[in-house]
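Below: one structure, written as structure tokens.
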Amino acid sequence: MIQKVLLSSKEIDIILHRLACQLLENHLTFSDSVLIGLQPRGTFLAHRLRDILLHDYKVEHIPFGLLDITFYRDDFRRGDKTLAASSTQIDFLVEGKRVVLIDDVLYTGRSIRAALTALQSFGRPGSIELLTLIDRRFSRHLPIQPDYRGRQVDAIKEERVKVCWKENEGEDTVYLISP
């Protein structure tokens, strides 16, 4: 197995600030916008972006939630092992709001399709945008594209993209892993 560093800690930090600025340009005060991180891997990115917006750019209030999509996935019963669901933490309605879904890697688009279905339980959004750190653009099964992307990666099917977060793996690094 070969591991190649796609993004270092410093590069991730630069990308996070750029993405925060893009969100700020399009949502300004976040008065009618909400950020929702997809469980489990999108939560680290969502927390980081929210913290940057609150502390570095002095946005006063950002409605923020975490969405579990485990049982909305089209493949959740295909494996032999039992899946463990994460918790959904959304204490507001998304009715009429501008929702920004946040995930670490956009690969086939199936997770985002599941998130769109799961989100319906919280109301009918005015609009939905997608923010992703890594866009594997040649691997889509569904016609889903990010509105905000950190970096595009052209990876062949056997390659994996692994995003490591300091909070979880002890480092901020993105790897391309080849067999």
Side-chain angles (χ1 to χ4, degrees), residues 5-69 86-107 109 111-137 144-153 161-175:
V5 174
L6 288 178
L7 295 173
S8 67
S9 176
K10 183 173 177 116
E11 291 167 318
I12 290 172
D13 191 53
I14 291 167
I15 287 171
L16 292 179
H17 279 83
R18 178 176 48 81
L19 290 169
C21 286
Q22 290 173 346
L23 286 171
L24 199 54
E25 286 174 11
N26 292 326
H27 297 269
L28 200 55
T29 64
F30 287 85
S31 59
D32 65 343
S33 303
V34 301
L35 300 180
I36 297 179
L38 300 188
Q39 292 276 26
R41 306 288 306 171
T43 60
F44 301 109
L45 176 57
H47 278 291
R48 290 275 190 96
L49 287 169
R50 183 192 62 181
D51 289 347
I52 290 170
L53 288 165
L54 291 173
H55 299 112
D56 294 358
Y57 297 104
K58 309 300 182 207
V59 176
E60 289 186 24
H61 175 70
I62 303 170
F64 180 82
L66 303 175
L67 181 64
D68 179 55
I69 60 168
S86 301
S87 62
T88 290
Q89 300 167 17
I90 299 177
D91 60 357
F92 50 84
L93 292 177
V94 299
E95 190 72 34
K97 299 287 186 186
R98 296 174 64 196
V99 174
V100 180
L101 292 176
I102 301 172
D103 205 4
D104 62 347
V105 178
L106 175 58
Y107 182 31
S111 293
I112 303 308
R113 190 221 39 91
L116 294 171
T117 303
L119 193 61
Q120 291 174 353
S121 300
F122 298 92
R124 184 178 181 184
S127 66
I128 300 174
E129 297 175 337
L130 174 60
L131 182 148
T132 184
L133 180 65
I134 302 294
D135 175 11
R136 288 188 61 168
R137 63 183 175 160
I144 293 174
Q145 300 300 323
D147 298 282
Y148 311 93
R149 71 174 54 89
R151 175 145 179 215
Q152 285 184 328
V153 175
V161 174
K162 181 179 180 189
V163 179
C164 298
W165 295 104
K166 201 180 315 176
E167 299 86 344
N168 195 29
E169 285 98 359
E171 65 174 342
D172 286 341
T173 312
V174 178
Y175 295 101

Task: Nearest non-hydrogen partners of Tyr57 and Cys21, listed with the distance - done: OH-SG, 3.3 Å
- [ ] Calculate, to the nearest 0.5 Å, the distance between atoms CG and CG belonging to Leu35 and Leu66 respectively.
- [x] 10.5 Å
Open item on the list: Could you work out, with salt bridge (charged side-chain N to carboxylate O under 4.0 Å, His left out) as the rule, every residue matching Arg151, not counting sequence neighbours?
Closed with: none
Task: side-chain contact (heavy atoms from CB on, under 4.5 Å) partner of Ile128, chosen from Asp147, Leu101, Ile112 - done: Leu101
- [ ] Measure the spacing between OG1 of Thr43 and CD of Glu167 and express it to the nearest 0.5 Å.
- [x] 9.0 Å
TODO: Would you please test Ile134 and Leu7 for side-chain contact (heavy atoms from CB on, under 4.5 Å) and show each step?
DONE: CA-CA 10 Å; Ile134 302 294; Leu7 295 173; 3.9 Å; yes
Open item on the list: So which atom in Leu49 and which in Leu16 form the shortest heavy-atom distance, rounded to 0.1 Å?
Closed with: CD2-O, 3.5 Å
Open item on the list: For a 4.5 angstrom cut-off between non-hydrogen side-chain atoms, does Lys97 reach Phe92?
Closed with: no
TODO: Compare every heavy atom of Glu171 with every heavy atom of Thr173, then report the nearest pair and how far apart it is.
DONE: OG1-OE1, 3.1 Å
TODO: Check Ala46 against Gly37 and note the closest heavy-atom contact, atom names and distance.
DONE: CB-CA, 3.7 Å
Task: 4.5 Å side-chain heavy-atom contact, Asp172 and Trp165 - done: yes
Open item on the list: If you define the side chain from C-beta out and look only at heavy atoms, does anything of Leu45 sit under 4.5 Å from Leu131?
Closed with: yes
Open item on the list: Is there a side-chain contact between Ile69 and Ser111 in this structure, where contact means two heavy atoms from C-beta onward sitting under 4.5 Å apart?
Closed with: yes
- [ ] Could you pull out the closest heavy-atom pair between Ile62 and Leu53, with the gap in Å?
- [x] CD1-CB, 3.5 Å
- [ ] Using the side-chain hydrogen bond (donor to acceptor under 3.5 Å, both in side chains) rule, collect all pairs that involve residues 15-25, keeping only residues at least two apart or in two chains.
- [x] His17-Asp56
Open item on the list: Apply side-chain contact (heavy atoms from CB on, under 4.5 Å) to residues Val59 and His27 and explain how you reach the verdict.
Closed with: CA-CA 10 Å; Val59 176; His27 297 269; over 6 Å; no
- [ ] Could I get the full list of side-chain contact (heavy atoms from CB on, under 4.5 Å) partners for Thr88, not counting sequence neighbours?
- [x] Leu67, Asp68, Ile90, Phe122
Open item on the list: Please report the interatomic distance CD(Gln89) to CD1(Ile36), rounded to the nearest 0.5 Å.
Closed with: 12.0 Å
TODO: Could you list the residues that satisfy ring pair (Phe, Tyr, Trp, His ring centres under 6.0 Å) with Tyr148, not counting sequence neighbours?
DONE: none
TODO: Please tell me if the side chains of Glu60 and Phe30 come closer than 4.5 Å, counting only heavy atoms from C-beta onward.
DONE: no
- [ ] Answer yes or no: is there a donor N or O on one side and an acceptor on the other, between the side chain of Thr132 and the main chain of Pro146, under 3.5 Å?
- [x] no
Task: Pairwise side-chain contact, Arg149 with Leu106, heavy-atom cut-off 4.5 Å (strictly under) - done: no
Task: Student check: side-chain heavy atoms of Tyr107 and Val161 closer than 4.5 Å - done: no
TODO: Considering non-hydrogen atoms only, spot the tightest contact between Ile144 and Gly109 and give its length.
DONE: CD1-O, 3.3 Å
Task: Contacts of Arg41 that satisfy salt bridge (charged side-chain N to carboxylate O under 4.0 Å, His left out) - sequence neighbours left out - done: Asp104, Glu169
- [ ] Name all residues meeting the side-chain contact (heavy atoms from CB on, under 4.5 Å) criterion together with Asp32; count only those two or more places apart in sequence or in a different chain, and write none if there are none.
- [x] Arg98
